[in-house]
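Okay, structure first, notes after.
We count residues from 1, following the sequence as given.
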Amino acid sequence: TSNTTLSEPAAGYDLEELRNLGADEQIDLIDPARLAVTSPYVVGQFLGRLDVDNRRRVLRMIPVELATDILAEMDAEDAADVVEAMRERRAVQILEGLDPDDSADIVAELDEADQKRLLDQVDPETAATVRNLIEFDPDSAGGIMTPEVATVTPDMTVLQAVQHIRKLNDELEHIYYIYVTDKGKHL
């Protein structure tokens with residue numbers, strides 16, 4: 001028998017551990033592997049207590065996809081401060097990775113020059129959606145909605161519709177309703 005054991009995957013941080021590292025100015029001691037498996041909500045709460053430079057330092061430790069999930073959990077104003085301070089390329093990747101309503105909340109907090117600069121860099125479809133959403137009052141129905149909804153077409157079989165909905169479940173934030181629409185996107 002061998003004494004070799006498989007190493008267990010890293011456990012994520014809890015909020016108290018992260019707060020202690022932040023309070024003691026030990027941001028550099030944060031383990032990126034543990035950070036990557038920590039709840040985005042917990043990391044977002046932690047980042048909300050740091051200054052912008054330290055928020056950026058922490059987010060640079062992880063891939064863009066995880067940073068996107070974390071920023072979606074943060075207060076829009078705090079997230080906007082981080083996006084504004086990021087390198088443009090990474091900020092654009094973040095905005096493109098967010099759900100449109102989350103992206104719009106963050107972009108709405110930026111000054112007009114930064115809004116224009118970043119939206120000119122994101123893909124045209126995302127930019128158009130975000131521009132449309134930021135026109136609404138943030139507390140109105142239009143300001144909190146997402147334009148991404150689950151739709152199927154009347155010519156789909158049940159199996160095709162179920163497979164399509166499973167695929168959409170990975171892409172959309174929440175699916176509560178499924179709409180049947182024609183080729184012209186009419187209900």
**OP:** Test Thr153 against Asp182 for side-chain contact (heavy atoms from CB on, under 4.5 Å), laying out the working first.
**Re:** CA-CA 6 Å; Thr153 58; Asp182 63 19; over 6 Å; no
Original post:
Is the side chain of Glu96 donor-acceptor paired with the backbone N or O of Val122 at a distance under 3.5 Å, no angle test?
Top reply: no
Original post:
Ile30 and Pro32: which non-hydrogen atoms are nearest, and at how many Å?
Top reply: O-CD, 3.3 Å
Original post:
Which value, rounded to the nearest 0.5 Å, describes the distance between Phe46 atom CZ and Asp14 atom CG?
Top reply: 11.5 Å
**OP:** Pick out which of Val43, Leu47, Ile106 makes a side chain to side chain contact (heavy atoms under 4.5 Å, CB included) with Met74.
**Re:** Leu47
**OP:** Give, for atom CD1 of Ile134 and atom CG of Asp101, the distance between the pair rounded to the nearest 0.5 Å.
**Re:** 13.5 Å
Original post:
What's the shortest heavy-atom distance between His164 and Val152, and which atoms?
Top reply: CD2-CG1, 4.0 Å
**OP:** Search all heavy atoms of Asp120 against all heavy atoms of Arg131 and return the closest pair with its distance.
**Re:** OD1-NH2, 3.1 Å
**OP:** Could you pull out the closest heavy-atom pair between Leu133 and Ala104, with the gap in Å?
**Re:** CB-CB, 3.6 Å
**OP:** Would you kindly confirm whether Met156 and Val158 end up in one hydrophobic cluster when ILVMFWY residues are joined by side chain heavy atoms under 4.5 Å apart?
**Re:** no
**OP:** Look at the side chain of Thr38 and the backbone N and O of Tyr13, then say whether any donor-acceptor pair between them is shorter than 3.5 Å.
**Re:** yes
**OP:** Calculate, to the nearest 0.5 Å, the distance between atoms CG and CG belonging to Leu29 and Asn20 respectively.
**Re:** 12.0 Å
**OP:** Tell me, yes or no, whether the heavy-atom count around Arg49 atom CZ, taken from other residues, nucleotides or ligands under 6.0 Å, exceeds 12.
**Re:** no
Original post:
Just wondering, do Val52 and Asp78 contact through their side chains at under 4.5 Å, heavy atoms?
Top reply: no
Original post:
Do you see a donor-acceptor pair shorter than 3.5 Å between the side chains of Thr126 and Asp123?
Top reply: yes
Original post:
Looking only at atom types and distance, does a side-chain atom of Glu109 sit under 3.5 Å from a main-chain N or O of Ala76, one as donor and one as acceptor?
Top reply: no
Distance-only check: which donor-acceptor pairs under 3.5 Å involve side-chain atoms of residues 81-92, not counting sequence neighbours?
unit_1: Glu88; atom_1: OE1; unit_2: Arg117; atom_2: NH1; d: 2.9
unit_1: Arg90; atom_1: NH2; unit_2: Leu59; atom_2: O; d: 2.7
unit_1: Arg90; atom_1: NH2; unit_2: Ile62; atom_2: O; d: 3.0

**OP:** Quick one: pull up CG in Asp111 and NZ in Lys116 and give me the separation to the nearest 0.5 Å.
**Re:** 13.0 Å
Original post:
Does Thr129 use its side chain to pair, donor to acceptor, with the backbone of Glu125 at less than 3.5 Å?
Top reply: yes
Original post:
Roughly how far apart are Leu71 CG and Ile94 CD1, rounded to 0.5 Å?
Top reply: 5.0 Å
Subject >> Spacing of CD belonging to Gln93 relative to CG belonging to Leu98, to within rounding of 0.5 Å >> reply: 12.0 Å
Original post:
Do Val180 and Ile178 share a hydrophobic cluster (ILVMFWY, side-chain heavy atoms under 4.5 Å, transitive)?
Top reply: yes
Original post:
Closest heavy-atom contact between Leu95 and Ser103?
Top reply: O-OG, 3.4 Å
Subject >> Backbone of Leu118 reached by a side-chain donor or acceptor of Gln121 within 3.5 Å >> reply: no
**OP:** Go through the steps for Ile70 and Val58 under the test side-chain contact (heavy atoms from CB on, under 4.5 Å), then give the verdict.
**Re:** CA-CA 11 Å; Ile70 292 164; Val58 171; over 6 Å; no
Original post:
What heavy-atom pair brings Val37 and Gly12 nearest, and what distance separates the two atoms?
Top reply: CG2-N, 3.5 Å
Subject >> Results of side-chain contact (heavy atoms from CB on, under 4.5 Å) for Asp53 - residues two or more places apart only >> reply: Asp51, Arg56
